[in-house]
Amino acid sequence: MGFQTEFNSVCKFKNEQELYELLEYGRTKMVKQGFRVYPTGQKVIAYTPENVAVAIVKISASIAEINFQGHEVTAVEMELVRKLNEEESRVQTALADEMFFGARG
């Protein structure tokens, strides 16, 4: 399996606990299945599991490895830059729905 790139400014959480830790403590580590390349050092928009934009985060590390169960995983460490206000969230959510999460076409 090759690497997937995540350079399209999207950081979607699938785990509520990881998102909670980011918003509560300002840092978290998100684990994704498969080998991925995240733009370390860059700021990206973070999304909830329901595809709602909630914050700007800075990717501080991205480590792809095979875990003890033999699965390819990528751990992404990030820090919270700031939460989005209601208007920013609404606009970013609508744009991401059209560009990444919504119907293709």
Side-chain angles (χ1 to χ4, degrees):
M1 172 182 238
F3 280 85
Q4 289 182 290
T5 58
E6 302 290 344
F7 293 108
N8 52 11
S9 300
V10 171
C11 183
K12 181 180 174 183
F13 284 87
K14 292 187 178 179
N15 181 313
E16 291 280 354
Q17 182 63 34
E18 294 169 343
L19 180 60
Y20 170 79
E21 290 173 6
L22 173 71
L23 298 176
E24 186 68 21
Y25 306 114
R27 308 185 78 114
T28 194
K29 181 170 81 174
M30 178 174 66
V31 178
K32 295 283 197 175
Q33 298 297 318
F35 288 154
R36 298 169 188 236
V37 176
Y38 281 84
T40 303
Q42 293 188 10
K43 295 176 185 174
V44 299
I45 303 295
Y47 292 86
T48 67
E50 296 79 27
N51 300 336
V52 176
V54 291
I56 298 172
V57 298
K58 184 175 181 181
I59 306 295
S60 55
S62 174
I63 303 165
E65 63 184 1
I66 297 175
N67 64 16
F68 291 115
Q69 290 81 34
H71 300 115
E72 297 174 347
V73 296
T74 301
V76 184
E77 295 180 9
M78 65 192 73
E79 52 195 63
L80 178 67
V81 174
R82 69 175 177 86
K83 294 179 184 175
L84 298 179
N85 66 36
E86 189 174 312
E87 179 67 14
E88 292 169 329
S89 175
R90 186 184 63 73
V91 170
Q92 286 290 331
T93 299
L95 290 172
D97 183 59
E98 182 177 339
M99 295 175 65
F100 308 116
F101 305 129
R104 306 275 179 208

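Computed from a prediction, not measured in an experiment: that's the story for all the values here.
- Side-chain atoms of N15 and Q17 include no donor-acceptor pair closer than 3.5 Å.
- Criterion: ILVMFWY side-chain heavy atoms under 4.5 Å apart, direct or through other members. Under it, L84 and V81 are part of a common hydrophobic cluster.
- At least one side-chain heavy atom of Q33 sits under 4.5 Å from a side-chain heavy atom of V73.
- Atom CG of L80 sits about 10.5 Å away from atom CE of M78, to the nearest 0.5 Å.
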Could you go step by step and tell me if I56 and V44 meet the side chain to side chain contact (heavy atoms under 4.5 Å, CB included) rule?
-> CA-CA 6 Å; I56 298 172; V44 299; over 6 Å; no
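- Closest heavy-atom contact between R36 and A64: O-CB, 4.4 Å.
- L95 and V57 are assigned to two separate hydrophobic clusters, defined by single-linkage of ILVMFWY side chains at heavy-atom distances under 4.5 Å.
- Considering SG of C11 and NZ of K58, their distance stands at 14.5 Å, rounded to 0.5 Å.
- Proximity of Q42 to I59: side-chain heavy atoms (C-beta onward) are nowhere separated by under 4.5 Å.
- Heavy atoms only, all atoms of each residue included: E79 and S60 are closest at OE1-CB, 4.3 Å.
- A salt bridge is absent between E77 and K29: the closest approach of a Lys/Arg side-chain nitrogen to an acidic carboxylate oxygen does not fall below 4.0 angstrom.
- To the nearest 0.5 Å, the span separating CZ on F13 from CG on L22 amounts to 4.5 Å.
- A continuous path of Ile, Leu, Val, Met, Phe, Trp and Tyr side chains, each step under 4.5 Å between heavy atoms, connects I45 with F100, placing both in one hydrophobic cluster.
- Note that CD of E16 is 10.0 Å distant from CD of E18, once rounded to the nearest 0.5 Å.
- The aromatic ring centres of Y47 and F101 sit less than 6.0 Å apart.
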Step by step, would you call N67 with Q69 a side chain to side chain donor-acceptor pair (under 3.5 Å)?
-> CA-CA 5 Å; N67 64 16; Q69 290 81 34; 3.3 Å; yes
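- Atom CD of E24 has more than 12 neighbouring heavy atoms from other residues, nucleotides or ligands inside a 6.0 Å radius.
- Interatomic distance, CD of E87 versus CD of Q92, reported as 11.0 Å (0.5 Å rounding).
- In this structure, the side chain to side chain contact (heavy atoms under 4.5 Å, CB included) partners of T93, at least two apart in sequence or on a different chain, are V52, A53, S89.
- Summarising the geometry, atom OG1 belonging to T74 is positioned 9.5 Å from atom CE belonging to M30; distances are rounded to the nearest 0.5 Å.
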